[in-house]
Amino acid sequence: MAFTLTLARYNKNNNKGLFTTMLVADTVVFPSLIKRLLDNGHLTHDKATEAVKEANAEGTPIVTYLLQARMVDQQVIAHTCSIEYGLNMADIDAIEITEEVRDVLSIDKARKLQLLPIFKLGKGVHVGVADPHYLSNLDDIKFATGLVAEPVIIEYSKLQALLRNNTGGDTGDAERMGMTVGNQATEQNLTLDIYELESDAEKEEENDDTGIDITKFVNELLTHAIQKGVSDIHIEPYEKLLRVRYRIDGILQVIATPPKKISRKLSARIKVMSKLNTSERRVPQDGRIHFRVGEDRFIDFRVNTLPTLYGEKIVMRILDSSSASLGVDMLGFEPEQKEALLDALKKPDGMILVTGPTGSGKTVTLYTGLNILNTSETNIATAEDPSEIQLPGINQVNVDPKVGLTFASALKAFLRQDPDIIMVGEIRDLETADIAIKAAQTGHLVLSTLHTNSAPETLTRLMNMGVKPFNIASTIHLIVAQRLARRLCPKCKQQAKYPDNALLQLGFKREELQDLVIYDPVGCNHCSNGYKGRVGIYQVMPISTDMGRLVMDGRNAMDIADQAQKEGISDLRQSALTKARNGLISLQELERVTKD
């Protein structure tokens, strides 16, 4: 049967609250699709409440739950989704899916993504979907096929029948590896992605050809990680499976479960690229990959291998120097916080400290400051373990305790090199702290980091290390404590309602509740589960004369924190509340990054 398909483009800004639902105490907040079904009489309030609660409990998308539970007719669901999300509907019975279209995507991948190519036109492919929750996987279609995917709503039972019976082609080594590379990838994918366990004969012949080009797969893995804005790649061997995870916006997501038998080949390839010893599998190794991603662009990966029970775990951190040149305005400082930081950077001497847990963005903050200070008139030297961001004009040193090059010895050498500005990757001991303090007291501006939970605790940590209170009070100009929170996707975030008592418990003031607008994550094909990128949450604390007196008196972190509040300095929780008020983060993120 001949068929002509005319489709309008998917209105990406019309992707309203479908993908997540919220339970607050006993209050159920309905997604907009559920509200439409209620308004049209297709659901009772009790049934809608039951569906939302059960879907949340099971971790099932709400539309899929309604369809599987047969609470609403699938034709009604399809028609409602089409109206609610501005998507066209297609009668799949009237479409002849050609061999060319079947070859676009393997059936295994289509089942995982719950998306099925149904019609190809030029460089685009129309993709059938029954549950708009899976629209966030459209990027995976583009990655696997190179085609622009346009979604079309089709009925659930017809999609499932095609996914059971259809046959599809092979889309390359990433596909054979079981890569999901999707926004919805979670631990739950593991049961779907694992290849059938090898037979006894296959276990005996670990070197059997899998038909996978390891070099091509690694290149695809690294390239796609860069495109997705991934910070780390984890390759983890277990007894019966091999797992690959991306850390996206601070959260690890499973993106592939390749056949276990290629574990050694995969690690060997990465070791070759990192210039590591491929025959050594008993001890950890550190290396670096200089990876070309364009005509004149290279991205560095810091590589670490770790022997585990079932092979070597490999973690690759993406080191993108462009992150330091984004500018201070892109980091997320409030206006008064930015002004305090810039004032401290203008001082010719003294110390600026940045504190927070691993992965909180301390290095980017420091290098953003160094980038501001980096001029032809200044001599800047850094000591790190290792240098993650490379900036022209800055003399960078990797410390190596094995050969005696420690932070302390590097600092001593810097002071004989006529420096203006010194950056120490981390103050870990009293010797390093003392040398850094002396450098700050003798006409040098010193920047460094510590691992503490808040700015006031940084002062007491230095005292506990053995640094004399007088040196702390007279030398440190500013302390920045920070966290990174996932930023709400501006294209799909949804206004949400919360009970007043819940908002008051979080720290909002009663007088602001009437005009307060809070947003929840939703999820679309532009983001990862409703989030896109990260924003800094900061406590920026200049050391005032009164704070210096508290340090001199040996007072504790609580006393210093009370003084900071008197001086109007926001702590991390208060800064996160400001980000939520401004619609940048969700309450879930606020709790995650600032909980005690």
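Among all heavy-atom pairs drawn from Leu373 and Leu345, the shortest one is CD2-O, 3.3 Å. Here the closest heavy-atom approach between residue Gln588 and residue Pro521 is recorded as NE2-CD, 4.0 Å. Residues Lys265 and Ile214 share a closest heavy-atom pair of O-CG2, 3.8 Å. In terms of heavy atoms, Leu572 sits closest to Tyr538 at CD2-C, 3.8 Å. Closest non-hydrogen pair, Phe414 versus Thr382, comes out as CZ-O, 3.3 Å. Considering all non-hydrogen atoms of both residues, Tyr519 and Gly583 come closest at CD1-CA, 3.8 Å.
Proximity of Arg483 to Ser575: side-chain heavy atoms (C-beta onward) are nowhere separated by under 4.5 Å. Side-chain contact check for Met316 versus Leu222: some heavy-atom pair is nearer than 4.5 Å. The shortest side-chain heavy-atom distance between Leu353 and Ile427 falls under the 4.5 Å cut-off. You'll find the side chain of Leu266 reaches within 4.5 Å of the side chain of Phe217, heavy atoms only. The closest side-chain heavy-atom distance from Leu462 to Leu450 is below 4.5 Å. Residues Gln253 and Asn529 meet the side-chain proximity criterion, which asks for heavy atoms closer than 4.5 Å. Side chains of Leu516 and Tyr498 form no contact here, defined as non-hydrogen atoms less than 4.5 Å apart.
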(request) Let me see the working for Lys509 and Glu511 under salt bridge (charged side-chain N to carboxylate O under 4.0 Å, His left out), right down to the final yes or no. (result) CA-CA 6 Å; Lys509 298 176 182 177; Glu511 56 267 25; 5.1 Å; no
(request) Test Glu431 against Lys412 for side chain to side chain contact (heavy atoms under 4.5 Å, CB included), laying out the working first. (result) CA-CA 11 Å; Glu431 183 183 12; Lys412 290 177 182 177; 3.5 Å; yes
(message) Using salt bridge (charged side-chain N to carboxylate O under 4.0 Å, His left out), reason through Asp562 and Arg555 one step at a time and then give a plain yes or no.
(response) CA-CA 11 Å; Asp562 290 341; Arg555 305 290 283 274; over 6 Å; no
(request) Determine, step by step, whether Glu589 and Arg534 satisfy the salt bridge (charged side-chain N to carboxylate O under 4.0 Å, His left out) criterion, reporting the C-alpha distance in whole Å, the side-chain angles of both residues, the deciding distance to 0.1 Å, and the verdict. (result) CA-CA 11 Å; Glu589 275 299 281; Arg534 289 190 284 181; over 6 Å; no
(message) Between Arg486 and Asp249, is the salt bridge (charged side-chain N to carboxylate O under 4.0 Å, His left out) condition met? List the steps.
(response) CA-CA 6 Å; Arg486 290 181 292 171; Asp249 295 335; over 6 Å; no
(message) Pair Ile380, Leu391 - check side chain to side chain contact (heavy atoms under 4.5 Å, CB included), show working.
(response) CA-CA 11 Å; Ile380 302 176; Leu391 284 183; over 6 Å; no
(request) List the steps, then state whether side chain to side chain contact (heavy atoms under 4.5 Å, CB included) holds for Thr257 with Tyr238. (result) CA-CA 11 Å; Thr257 53; Tyr238 297 99; over 6 Å; no
(request) Given side chain to side chain contact (heavy atoms under 4.5 Å, CB included), test Leu504 with Leu513 step by step and report yes or no. (result) CA-CA 9 Å; Leu504 292 171; Leu513 295 185; 3.9 Å; yes
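Residues forming a side chain to side chain donor-acceptor pair (under 3.5 Å) with Lys579 (at least two apart in sequence, or on another chain): Glu334. Under the rule for a side chain to side chain donor-acceptor pair (under 3.5 Å), the partners of Arg302 that lie at least two apart in sequence or sit in another chain are Glu388. Here Phe508 pairs with nothing under the ring pair (Phe, Tyr, Trp, His ring centres under 6.0 Å) rule; sequence neighbours left out. For Ser570, the side chain to side chain donor-acceptor pair (under 3.5 Å) criterion is met by no residue, not counting sequence neighbours. By the side-chain contact (heavy atoms from CB on, under 4.5 Å) test, Ala344 is found to be paired with Ile352, Leu478, residues two or more places apart in sequence or in another chain being considered. Every residue meeting the side-chain contact (heavy atoms from CB on, under 4.5 Å) condition with Asp286, not counting sequence neighbours, appears here in chain and number order: Asn304.
Using modelled atom types, no side-chain atom of Ser387 and backbone atom of Glu384 make a donor-acceptor pair closer than 3.5 Å. Although no hydrogens or angles enter the test, the distance criterion places no donor-acceptor pair under 3.5 Å between the side chain of Asn374 and the main chain of Leu370. A donor-acceptor contact shorter than 3.5 Å links the side chain of Gln285 to the backbone of Glu280. In this structure a side-chain-to-backbone donor-acceptor pair under 3.5 Å is missing from Thr278 to Ala268. Listed for the Ser448 side chain is a donor-acceptor partner under 3.5 Å among the backbone atoms of Val424. For Gln482 (side chain) and Val354 (main-chain N/O), no donor-acceptor pair under 3.5 Å exists by modelled atom type. A donor-acceptor pair is defined here as one N or O able to donate and one able to accept, closer than 3.5 Å; no such pair exists between the side chain of Thr475 and the backbone of Ile472. Of the possible donor and acceptor atoms, none in the side chain of Asn582 sits under 3.5 Å from a partner among the backbone N and O of Leu584. Formation of a donor-acceptor pair under 3.5 Å by the Gln505 side chain with backbone atoms of Ala502 is not found in this model. With hydrogens and angles disregarded, a donor-acceptor distance shorter than 3.5 Å links the side chain of His451 to the backbone of Gly356.
For the residue pair Ser409 and Thr406, a side-chain donor N or O sits within less than 3.5 Å of a side-chain acceptor on the partner. With hydrogens and angles left out, the side-chain atoms of Asp300 and His290 include a donor and acceptor closer than 3.5 Å. Side chain to side chain, Thr594 and Arg573 meet the donor-acceptor criterion of an N or O pair below 3.5 Å. Defined by atom type and a distance below 3.5 Å, a donor-acceptor pair is present between the side-chain atoms of Gln441 and Asn471.
Summarising the local packing, NZ of Lys438 is surrounded by 12 or fewer heavy atoms from other residues, nucleotides or ligands at distances under 6.0 Å. Open room surrounds CD on Glu339; 12 or fewer heavy atoms of other groups in view lie less than 6.0 Å from it.
Distance CG/Leu445 to CD1/Ile422: 9.5 Å, rounded to 0.5 Å. A distance of 10.5 Å separates NE2 of His444 from CG of Leu411, quoted to the nearest 0.5 Å. For the atom pair CG (Asp232) and CD1 (Ile318), the distance works out to 7.5 Å, reported to the nearest 0.5 Å. The CD atom of Gln494 sits 11.0 Å away from atom CG of Leu488, with the distance rounded to the nearest 0.5 Å. The distance from atom CE of Met351 to atom OG of Ser474, rounded to the nearest 0.5 Å, is 10.0 Å. Put simply, CE on Met547 and CD1 on Ile560 are 8.0 Å apart, with the number rounded to the nearest 0.5 Å.
Checked options Arg264, Arg282, Lys271; the residue passing with Glu312 is Lys271 (criterion: salt bridge (charged side-chain N to carboxylate O under 4.0 Å, His left out)).
The aromatic rings of Phe301 and Phe291 lie perpendicular to each other, with more than 60° between the two planes, well past the 30° mark.
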